[in-house]
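To start, the structure under review is shown below, and the notes come after it.
Here is how names work: the chains are called A, B, and so on, in the same order as the sequence lines, proteins then strands, and each is numbered from 1. All values below were derived from every heavy atom in this structure, side-chain atoms included, with hydrogens, water molecules and symmetry-related copies excluded.
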Amino acid sequence: MPELPEVETMRRGITPVIGARIADVKRIRSRHRPLVISPAARSFRRRAIGTTIAGVDRIGKRVVLQLDNHEAIVFEPRMTGLVLLTDPPDRDHLRLTIDLTDARPRQLFYWDRRGLGHIDLLSAAELAQRFAPDRIGPDALDVTARQLANRLASSRREIKVALLDQRSVAGIGNLYASEILHLARIHPAIGCSALTGDQWRALHRAMRRVLNAAIRHEGSTLRDGTYRNALNVAGGYQNHHRVYDRANLPCPVCHRRVVRIVQAQRSTFFCPRCQGPRQTESASPVRRRESGNIAPTR
DNA sequence: CCCCAGTCCTGCGGGC
DNA sequence: TGCCCGCAGGACTGGG
């Protein structure tokens with residue numbers, strides 16, 4: 001389930017393709033349903049072949065190859081997609097290859113076990129429209145505490161559910177939402193409008209700390225072993241998870257059992273002592289002063 | 001606007 | 001041991 005740290009690790013891992021020219025694009029046939037790409041294969045190839053990769057960006061949970069003709073190839077890995085420079089985990093789920101010339105890596109691979117991912121070739125205008133501000137929020141590593149509070153504080157949704165909405169803030173998925181809320185000591189089911197200024201600040205700080213630490217460890221490779229970096233090496237942040245997938249195991253802070261609940265049909269893990277009870281408990285043990293309270297505008 | 005359920009898909013693990 | 005079923009969830013869609 002690549003989220004921001006995993007996708008950022010992919011992005012960094014494939015930067016050697018910058019300057020390479022695309023010699024061919026091949027969609028791989030297998031016993032599985034063909035991967036969704038747009039436009040259709042023929043026109044995708046016509047537009048991509050011969051272009052040079054000018055940059056590698058990330059938009060939320062997508063990797064973007066910027067081409068020198070001002071078009072872009074967008075990889076959206078969803079649950080099990082990987083963008084790699086080396087041979088993928090297996091041949092059976094290899095979905096697309098991009099042959100390169102004029103650079104050291106000879107090929108770029110897209111591998112996807114479940115095949116839920118998408119690959120799109122977009123013009124600059126299409127890219128701008130696809131990622132317009134009303135369709136995707138600020139990146140979780142760029143958003144400020146004040147922006148976060150302004151965007152969400154008027155909502156009555158539960159904070160965990162709001163964090164998963166890519167229009168609120170981009171890049172957080174189910175795993176890191178639980179991790180961030182635990183570090184911030186905020187109950188996942190608390191309504192956004194009930195969060196205090198201190199809690200918004202704690203949330204923002206925890207978001208940066210968790211995501212940056214996960215990037216340093218090159219993401220989380222869960223028990224199914226799916227996630228790998230661009231060189232097919234597993235990440236290490238799973239060894240630092242505080243609550244995710246740790247139901248009934250001790251909270252690393254207070255040793256009380258971690259609890260699993262379901263919100264919006266997804267698992268949430270939290271510590272009922274560190275993150276509860278709802279509505280009470282200040283985010284910080286130190287009594288706060290008035291200064292610098294984040295007041296949502298309007 | 002907000003929220004929920006359904007959809008896509010494959011591999012795995014629990015239960016019988 | 002083998003088989004079936006449910007679960008995992010990112011992004012989107014349609015309905016209330």
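- The nearest whole Å value for the distance from the NZ atom in A/Lys160 to the C1' atom in C/dG9 is 10 Å.
- When each of A/Leu108, A/Val83, A/Ile53 is checked for a side-chain contact (heavy atoms from CB on, under 4.5 Å) with A/Ile98, only A/Leu108 meets the rule.
- A/Tyr227 and A/Glu3 share no side-chain donor-acceptor pair at under 3.5 Å.
- Regarding contacts with the backbone of C/dC7, every side-chain N or O of A/Arg260 stays at 4.0 angstrom or more from both OP1 and OP2.
- OP1 and OP2 of B/dC4 both lie 4.0 Å or more from every side-chain N or O belonging to A/Gln265.
- Across residues 77-89 of chain A, A/Arg78, A/Met79 each have a non-hydrogen atom less than 4.0 Å from an atom of DNA chain C (numbered order).
- Heavy atoms of A/Arg157 sit under 4.0 angstrom from primed sugar atoms or phosphate atoms, though from no base atom.
- Using a 4.0 Å cut-off between charged nitrogen and carboxylate oxygen, A/Glu179 and A/Arg242 do not count as a salt-bridge pair.
- Side-chain contact check for A/Asp24 versus A/Arg45: some heavy-atom pair is nearer than 4.5 Å.
- Taking atom CD of residue A/Glu6 and atom C1' of nucleotide C/dG10, one finds them 13 Å apart after rounding to whole Å.
- For A/Ile159 and B/dC2, the CD1 to P distance is 13 Å, given to the nearest whole Å.
- Considering all non-hydrogen atoms of both residues, A/Tyr110 and A/Pro77 come closest at OH-CA, 3.5 Å.
- Distance alone, capped at 3.5 Å, places no donor-acceptor pair between the A/Arg201 side chain and the A/Arg205 backbone.
- No hydrogens or angles considered: a donor-acceptor pair under 3.5 Å links the side chains of A/Thr226 and A/Asp224.
- As judged by a 4.0 angstrom heavy-atom cut-off over every strand, A/Thr226 is placed among residues making no nucleic acid contact.
- One finds a side-chain N or O of A/Gln166 lying less than 4.0 angstrom from the OP1 or OP2 phosphate oxygen of C/dA11.
- Between A/Leu164 atom CG and C/dC12 atom P the separation is 14 Å, expressed in whole Å.
- Nearest heavy-atom pair, A/Pro272 versus A/Arg257, reported as atom, atom and distance to 0.1 Å: CD-O, 3.5 Å.
- Rounded to whole angstrom, the span from the CG atom of A/Asp92 across to the P atom of B/dC9 amounts to 15 Å.
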One pair to check against side-chain contact (heavy atoms from CB on, under 4.5 Å): A/Ile215 and A/Arg12. What are the steps and the verdict?
CA-CA 10 Å; A/Ile215 290 170; A/Arg12 294 182 185 185; 3.4 Å; yes

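- A/Gln166 places a side-chain N or O within 3.5 Å of a backbone atom of A/Leu164 that can act as its donor or acceptor partner.
- Between the side chain of A/Gln263 and the main chain of A/Pro188, a donor-acceptor pair closer than 3.5 Å is present.
- Less than 4.0 Å separates DNA chain C from at least one heavy atom of each of the following residues of residues 57-67 of chain A: A/Lys61, A/Arg62.
- Here B/dC3 presents its C1' atom at 11 Å from CZ of A/Arg167, a figure rounded to the nearest Å.
- Nearest-nucleotide positions on DNA chain B for A/Arg156 and A/Arg266 put A/Arg156 closer to the 5' end.
- Side chain of A/Lys26 to backbone of A/Arg95: no donor-acceptor contact under 3.5 angstrom is found.
- Between the A/Arg151 side chain and the A/Arg167 main chain, a donor and an acceptor come within less than 3.5 Å of each other.
- B/dC8 atom P lies 17 Å from atom CD of A/Glu76, rounded to whole Å.
- Around CZ of A/Arg106, the count of heavy atoms belonging to other residues, nucleotides or ligands within 6.0 Å exceeds 12.
- Atom CD in A/Gln238 sits roughly 19 Å away from atom P in C/dA8 (whole-Å rounding).
- Note on the helix from B/dC2-C/dG16 to B/dC16-C/dG2: terminal axis deviation equals 50°, with five pairs used at each end and the result rounded to 10°.
- A/Tyr227 has no side-chain polar atom (N or O) that falls below the 4.0 Å cut-off from OP1 or OP2 of C/dG9.
- DNA chain B lies under 4.0 Å from at least one heavy atom of each of the following residues of residues 28-42 of chain A: A/Arg31, A/His32, A/Arg33.
- For DNA chain B, the residues of residues 108-119 of chain A within the heavy-atom distance limit of 4.0 Å (strictly under) are A/Arg113, A/Arg114, A/Leu116, sorted by number.
- Taking a cutoff of 4.0 Å between a charged side-chain nitrogen and a carboxylate oxygen, A/Asp139 and A/Arg58 qualify as a salt bridge.
- More than 12 heavy atoms of other residues, nucleotides or ligands lie within 6.0 Å of NE2 in A/His240, so this atom counts as buried by the packing criterion.
- The two residues A/Ser267 and A/Lys160 make their nearest non-hydrogen contact at O-NZ, 3.5 Å.
- Side chain to side chain, A/Thr51 and A/Asp68 fail the donor-acceptor criterion of an N or O pair below 3.5 Å.
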Could you go through A/Met207 and A/Val143, starting from their C-alpha distance and side-chain angles, then the distance that decides it, and tell me whether this counts as side-chain contact (heavy atoms from CB on, under 4.5 Å)?
CA-CA 10 Å; A/Met207 192 181 290; A/Val143 73; 4.2 Å; yes

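- Among the heavy atoms of the strands lying under 4.0 Å from A/Tyr244 are primed sugar atoms or P, OP1, OP2 only; no base atom is included.
- Counting heavy atoms of neighbouring residues, nucleotides and ligands inside a 6.0 Å radius, atom CZ of A/Arg27 exceeds 12 of them.
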N/O contacts under 3.5 Å, protein versus nucleotides 13-16 of chain C?
none

